[in-house]
Number of protein chains: 2
Amino acid sequence: MYNTGREAAVAALWSEPCLAAMVRRLHRVVVGRYDEALRRHGLTVAQLDLLMTLLTADRALRSVELAGALQMDRSTLSRNLARLRRRGLVTGGDRPGAAAAVTPAGRQMAEDAAEAWLRAQRATAEMLGADGVAALDLLARRVTTPDEEG
Amino acid sequence: MYNTGREAAVAALWSEPCLAAMVRRLHRVVVGRYDEALRRHGLTVAQLDLLMTLLTADRALRSVELAGALQMDRSTLSRNLARLRRRGLVTGGDRPGAAAAVTPAGRQMAEDAAEAWLRAQRATAEMLGADGVAALDLLARRVTTPDEEG
DNA sequence: CGACCTGTGTTGTACATACAACAATGCTAG
DNA sequence: CTAGCATTGTTGTATGTACAACACAGGTCG
């Protein structure tokens, strides 16, 4: 008999829940909550994440390092950074070798959004449950590439 | 002393890892893997998910039901569906009350992609580990709204 | 029968994301 | 000092996502 691979794969596709589908659903639900909470502060959770990554880094980061830290594509980071730059929330990072930095205005924006962020953080933790938060921690570690810097 | 809320929130923002940031990172890494595996078959994992949701549903679904099942916005589903419709992979779902259905071509596309999907599924399971997969299962359940149909 | 309302799908706009291709920078070798 | 070259940032294009606002049924009530 001629088969195997394909038919087994088709059977699995029909019967096994797709891990990516689970991740996408989780993403829509969780990110949606944060974005809703942050909306009136004029930030998305993606933008806040970028700002906080820069603010809490132990040194100034170039674009490529920031992209590596966040495990996102250079081009994605370039556009995210450009949006914040246009609004005066970050400077630099727009030339090879130039580090990016959060401006005082950017820091102010982040701090002004802290309360809304914390409400979303708490509400989400409650939705997920303590074991859910632990599960997410585990997954985040599993997908995080150890940064190779010294 | 005057404070509390705001300063505590700012302190938390600086010290607590953001759950949404973890979810976003997980999303980028996992979905990226599936999309890469599926690319040469002309499908994204989002599209495959949509097709399989329709194919495995126990009855024909209208757009609003499909959006509910996937917990995504009506407008998002409308565009995703429109892309597949333009390629002849689904029909219907374009008028209030009209159910959407996968065409034979759409089904063929999904089945042709099954092996690539399964490779990504297995590789991802290995990356996450058995406990990671269980963790993701738990999270998916926690964010899934029980559909209220009867 | 016709005028509303309600629910459903689409469209305008904006953001997040990635791949491919391009541009700009800086280093290195000659 | 200049010509390559590798690295890094941007841009073109496409998808996925959501909110607001609009368009389009279908049902109800007068």
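On a predicted model such as this, the values are computed, not experimentally measured, just so you know. Each chain gets a letter, A, B and so on, in the order the sequences are listed, and its residues count up from 1. The analysis underlying the following values was restricted to heavy atoms, covering all of them including side chains, and did not include hydrogens, waters or symmetry mates.
Residue contacts for A/R85: at a heavy-atom cut-off of 4.0 Å it reaches the sugar-phosphate backbone alone, with no base atom in range. Using a 4.0 Å heavy-atom distance criterion, A/R24 is classed as a sugar-phosphate-only contact. Residue contacts for A/D73: at a heavy-atom cut-off of 4.0 Å it reaches a base atom on one of the strands shown. As judged by a 4.0 angstrom heavy-atom cut-off over every strand, A/R83 is placed among the base-contacting residues. Nucleic acid contact for B/G32: none, since no nucleic acid atom lies under 4.0 Å from a heavy atom of the residue. Note on A/R25: nothing from the nucleic acid sits closer than 4.0 angstrom, heavy atoms only.
At D/dT17, one or more side-chain N or O atoms of B/N80 fall inside 4.0 Å of OP1 or OP2 (strictly under the cut-off). Listed pair A/R74 / C/dT17 fails the phosphate criterion, with no side-chain N or O lying under 4.0 Å from OP1 or OP2.
If you measure from atom CG of B/L77 to atom P of C/dG7, you get 19 Å, rounded to the nearest angstrom. The CG atom of A/L81 sits 7 Å away from the P atom of D/dT10 (whole-angstrom rounding). Atoms CE (B/M72) and P (D/dT15) sit 15 Å apart, rounded to a whole Å. For the pair A/E65 CD and D/dT8 P, the computed distance is 8 Å after rounding to whole Å. In this structure, B/D35 places its CG atom 10 Å from P of D/dT17, rounding to the nearest Å. Atom CD in A/Q71 sits roughly 12 Å away from atom P in C/dT17 (whole-Å rounding). If you measure from atom CZ of B/R28 to atom C1' of C/dA18, you get 11 Å, rounded to the nearest angstrom. If you measure from atom CZ of B/R33 to atom C1' of C/dC19, you get 18 Å, rounded to the nearest angstrom.
Side-chain to base pairing of B/R95 with C/dG9: no donor and acceptor N or O lie closer than 3.5 Å to each other. One donor-acceptor pair, N or O on each side, does fall under 3.5 Å between the base of C/dT13 and the side chain of B/R79.
Candidate nucleotides D/dG9, D/dT17, C/dA18 were compared by shortest atom distance to the side chain of A/R62, and D/dG9 ranks first. Looking at the side chain of B/T76, the nearest of the listed nucleotides D/dT15, D/dT17, C/dT10 is D/dT17. For B/S63, whose side chain is taken as the heavy atoms from C-beta onward, the closest listed nucleotide among C/dG9, D/dT17, D/dT15 is C/dG9. In the set C/dA16, C/dT10, C/dA20, the nucleotide with an atom closest to the side chain of B/S75 is C/dT10.
The 5' end of DNA chain C is approached more closely, in terms of each residue's nearest nucleotide, by B/V64 than by the other of B/V64 and A/R87. Place A/R39 and A/S78 on DNA chain D by their nearest nucleotides, and A/S78 ends up nearer the 5' end.
Scanning all heavy atoms of the two residues, the minimum distance from B/V31 to A/R24 falls at CG2-CG, 3.5 Å. Of all heavy-atom pairs between A/T124 and A/R33, the closest is OG1-CD, 4.0 Å. Between B/Y34 and B/A120, the closest heavy-atom pair is CD2-CB, 3.8 Å.
Taking OG1 from A/T44 and CZ from A/R83, the interatomic distance works out to 8.0 Å, rounded to the nearest 0.5 Å.
No donor-acceptor pair closer than 3.5 Å links the side chain of A/S78 to the backbone N or O of A/R74.
With A/L139 as the partner, the side chain to side chain contact (heavy atoms under 4.5 Å, CB included) test is satisfied by one option alone out of B/V29, B/L26, B/V133: B/L26.
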